[in-house]
Each structure stands twice: as C-alpha cells, then as structure tokens.
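Each chain gets a letter, A, B and so on, in the order the sequences are listed, and its residues count up from 1.
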Protein chains: 2
Amino acid sequence: MQGFTQPLFSVDSVLFTVVDGRLKVLMVKRAQSPYEGLWALPGGYVDVAQDVNTEATANRKLKDKTGIEPTYLEQFKAYSGHERDPRGFSVTLAYFALIGYQDAQSQIATVEQAQWLDVASLASVSIAFDHRQIITDAQQRLVQKALYSMLPVYCLPAQFTIGQLKDVIETLIGRPIQRKSLIRRIESADMLEELDEMAITGKRQAKLYRVKAGAEVHHFQRNLEG
Amino acid sequence: MQGFTQPLFSVDSVLFTVVDGRLKVLMVKRAQSPYEGLWALPGGYVDVAQDVNTEATANRKLKDKTGIEPTYLEQFKAYSGHERDPRGFSVTLAYFALIGYQDAQSQIATVEQAQWLDVASLASVSIAFDHRQIITDAQQRLVQKALYSMLPVYCLPAQFTIGQLKDVIETLIGRPIQRKSLIRRIESADMLEELDEMAITGKRQAKLYRVKAGAEVHHFQRNLEG
DNA sequence: CAAATAGTGTCTATTAGACAATATACA
DNA sequence: TGTATATTGTCTAATAGACACTATTTG
C-alpha cells in the first residue's frame, strides 16, 4: 500500500448552545495522557468496524462521551501538524454542532465528566491540544452563519418564540438586531411554521414556532449588518 | 495508543482555472491500481517527515504530480467511508485551488500525465474514487464564493482587465452580470490596484489591475443575484 | 464616420435599520 | 388603567440590476 507512517486521525465536535445570553461549548475532562485532567472537545478515533463515515464517528463519540445527540451537525475543518499532539503528526477533523439547552440537559444529566463551559470565559480554563483554537474558529463560523442564515434556530428547543430566537442571534453576533428584520427574514425563509399554542415569556403572549419537517437551513442573499 | 485500525488518510486538490469561457479542472491519469488509467485529482499521502501539515501535503503533491503551484489554496471538505476506496475505510481531505491559465501553462508543460479537463464535459470521462462528487461539490463552493467575494481574481493571471474578470465570473456563475456592478464592487473591496499599463483586448484599451500585495479575499455583505 | 469594446451616470428594486404605532396580557 | 412585551407599519439607507450615455481605438 505505502511504505511510510500514516498520521494519527481523529474526529472532534464543537457542540454549542446558548443559555441566559451566553454561548456555551460542551467539553469533557480528559481521563488519560496526554493532557490528562484538562478540558477537551468530545471526540476520538474512527471505529472502522462500526462507523460508516466520519460523521457517524462524530455522532457516536458525542453520544458516548456526553449523552447528547445534537439537532444540527456539519463538518467544519481539519487541523493537522506535528505540534498539536505530543505523540506525533496528527489530523483531527472538527465537526460543528448545535442543540437547544433544555433538550441537551435532558440527555446530559448522567454524564458527569461532560460540562457546558462559557465560551467568553475560556481564557481562564486549561484546554488540551489545539482545541482552544478550534473553538475560536468554530465560533467565528457560527457568527458568520448567524448573519446570513437561519442556523441559530438549532440553538433553541423544538418550539420557540421570535423573542427567544432574537435573543440567541444577539448573543451570537454580540449586538442587538431589529425584531422587524428578523420577522421579515422568518417569513421569506419559509423554514418555520407557526403553532397554535402561545408561550408566556413576557407580558403579552408570543406565538410559538418550530422548524418545518425536512426544512433545509435557509441562506439569505444579504447579511445582517456586521 | 489505540487497539484498532486507523482509516487510510490522503489529501487531494481540486485545482480550477477558467479559459475561453470554460471552467477546467486539473486531473492526472492514475498509474497504479486501484482505478489504474482513470482520471483522478492530484493528491496522495501525507509524508510526516516532510510535510508540516496537510496544506503542505496538498501543495507538495500538486507540485510533484502536475508542476503547478496554485495562487490560491484553501481547505475544502473531507470525504470518508468504506465505499470510496476498495482498500477499505478511507478519509481524503480535499483542498480547493485556483490559478490563472497562462500562469499554469508555463509550469505544467513538462508533465504529460496532467491535463485540464472541461468540467462541463466530465460526464463522459471515467473518474477514480468519488472524485467526480468532490469536483461537483468544489464547483458549487466556487460558484457561491463568486457571488459574494472577490475570489475569482485568482482564476486570472497576475495582471488582468475588468472585462476579463467579468468573463470569468460569468463563466463561473453561468449568467451575465452588470459591468457596473463589478466596478462598484472592485472599488468598495479595495483589494485591487490599477496599473499604469493598458491592455489591448478589444477596440478601446482597458486598464490593467492586479491584486494588492498582502490583500485578503474580500467578502461582500450582499450576493450578486443567484 | 461606423463598429466594437471600455467606462460613467442615474434610475429602479430589494431588503436591512430605525422607530413610531398598535395589540395583548397582567398587576 | 399603566406597563411591559409582542407585533405591525412605514420611512430611510445601502447596494445590485438595468440601461442609456460617453470615451477610445481601429478600419
């Protein structure tokens, strides 16, 4: 086949959610060397007997290490080089995932070594490998997508109000947006459906929405202001 | 380290150029099994003794197999699974590259097994692995980027006219655009500089432009019409 | 001057931002 | 009824499309 060493190949996932106006990332405490005891992204090696592809690896490792099955998962970026793992040249394929906080909490409860860390406070946390850089890059991608797509709906539970979606988008992009602009985009995207139920989040009740079955993430022709 | 088989990991590049209103992709004829004699993307295995990361692998393999050093190279997407290579579970990390046709021709001359294939005519060509799918995906990405960024400048030689850039963009996105819109975008992107020289491509001479030294690919807030 | 390509001026269409106006629910 | 949140109406700003107009070069 070939005469020289193959790089060590792994898959890692950056699973984000938004809660109380803060962006959180799910991390696990490493049980083994290297970087034992440090926080790391949930991930691991492909099991060629079990995984049909690397996306399956990402989902399996998330489920095994944290209990969570994300509502959104997309391939993000590969990181490679000699420096990122003391064991030698390695490649990790990073996936980018989203889930609503409440949906996650019902799945995560029993797994103690998995925790939501505040992305804004990561500077004071010890992080394994180059996972700090991966999180930073993934966050930038999430912010960009929040400006031109409906992706942020996957940071919410299955049913949500426009006000909750507005809060999530504002948290992601770090500045307020016009509710009117969001409503116009929801209408033109045709990706959500209005439910009969209402939610009591403020004084007046708000309409509840959910993602239409089989809907693709809508991309707009124009960004929200960056 | 770990007790089970690692997937076979490789790096492939989709190098595009535009010539005479046609999108071309650079492919090489496979000299060995599997898929001996079929066209494949230039790529190969990481040499951990030589490559600092997978981008270095992409550049090295392009240089070795085709003689070309692209002016633009970005990581694109990983493809994985049991089906894509008869030797077993494999992962290939695909890069996406651009070069001006004239610049490429001066480098490619001596390598005979590398050829520019017309992307619109690939249906009638026998292609190895899942490289046909990779090319299709990369083309879609290129079209999207042509709609919201200045990326198409890297399909041209170092010096070019607005008319040539317009032709390239129209080839990529498959429909005419307004010259006026392109000029407005060039001015607001602030990524090109006007040269003193003029080019004779039609009746009236046209100003020559080049990419400013160290310029980043500009992204616009709005797409050209899709 | 006619023809062809390069480049400019300007009007329209679309959609995001701003913010006023109205609606609803509850104390 | 007053207040807070939800929702709608409408004006402005920014930028892409359309297209007429001017400029340059060659035959």
For this session: Specify the separation, in whole Å, of atom CG of A:Asp167 and atom P of D:dT5.
Result: 11 Å
For this session: Report yes or no: is the cationic atom of B:Arg84 (NZ for Lys, CZ for Arg) under 6.0 Å from the centre of the six-membered ring of B:Tyr79, at an angle within 45° of the ring normal?
Result: no
Exercise. Do the ring centers of A:Phe9 and B:Phe9 come within less than 6.0 Å of each other?
Worked result: yes
Exercise. Tell me: CD1 of A:Ile183 to C1' of D:dT5, nearest whole Å?
Worked result: 12 Å
Exercise. Could you give the CZ-to-P distance, from A:Arg179 to D:dG9, as a whole number of Å?
Worked result: 15 Å
For this session: Take A:Leu224 and A:Leu182 through the test side chain to side chain contact (heavy atoms under 4.5 Å, CB included) and record every step on the way to the result.
Result: CA-CA 9 Å; A:Leu224 296 171; A:Leu182 177 56; over 6 Å; no
Exercise. What is the distance, rounded to the nearest whole Å, between atom CD of A:Glu187 and atom P of D:dG9?
Worked result: 10 Å
Problem set entry | Nucleic acid footprint by protein, nucleotides 11-19 of chain D - heavy-atom cut-off 4.0 Å, B for base, S for sugar-phosphate alone | ----BBBBB
Exercise. Base, sugar-phosphate, or nothing: which does B:Thr201 touch, judged by heavy atoms less than 4.0 Å apart?
Worked result: sugar-phosphate
For this session: Provide, to the nearest angstrom, the distance between the CD1 atom belonging to A:Ile186 and the C1' atom belonging to D:dT8.
Result: 14 Å
Exercise. Which whole-number value in Å describes the distance from B:Lys207 NZ to D:dT24 P?
Worked result: 11 Å
Exercise. Does A:Ser10 offer a backbone N or O that forms a donor-acceptor pair with the side chain of A:Thr92 under 3.5 Å?
Worked result: yes
For this session: Look only at the side chain of B:Asn53 and the backbone of B:Ala56, and say whether a donor-acceptor pair between them is shorter than 3.5 Å.
Result: yes
Problem set entry | Audit row: A:Arg210, A:Glu193, salt bridge (charged side-chain N to carboxylate O under 4.0 Å, His left out) steps and yes/no | CA-CA 6 Å; A:Arg210 73 171 168 218; A:Glu193 56 192 0; 2.7 Å; yes
Exercise. Distance from A:Lys166 atom NZ to A:Ile169 atom CD1, nearest 0.5 Å?
Worked result: 9.5 Å
Exercise. Is there a donor in the side chain of B:Gln113 and an acceptor in the side chain of B:Trp39, or the other way round, less than 3.5 Å apart?
Worked result: no
Tabulate protein N/O versus nucleotide N/O from nucleotides 25-27 of chain C, keeping only pairs under 3.5 Å, one per line.
from   : atom 1 : to       : atom 2 : distance (Å)
C:dA25 : O4'    : A:Lys203 : O      : 3.4

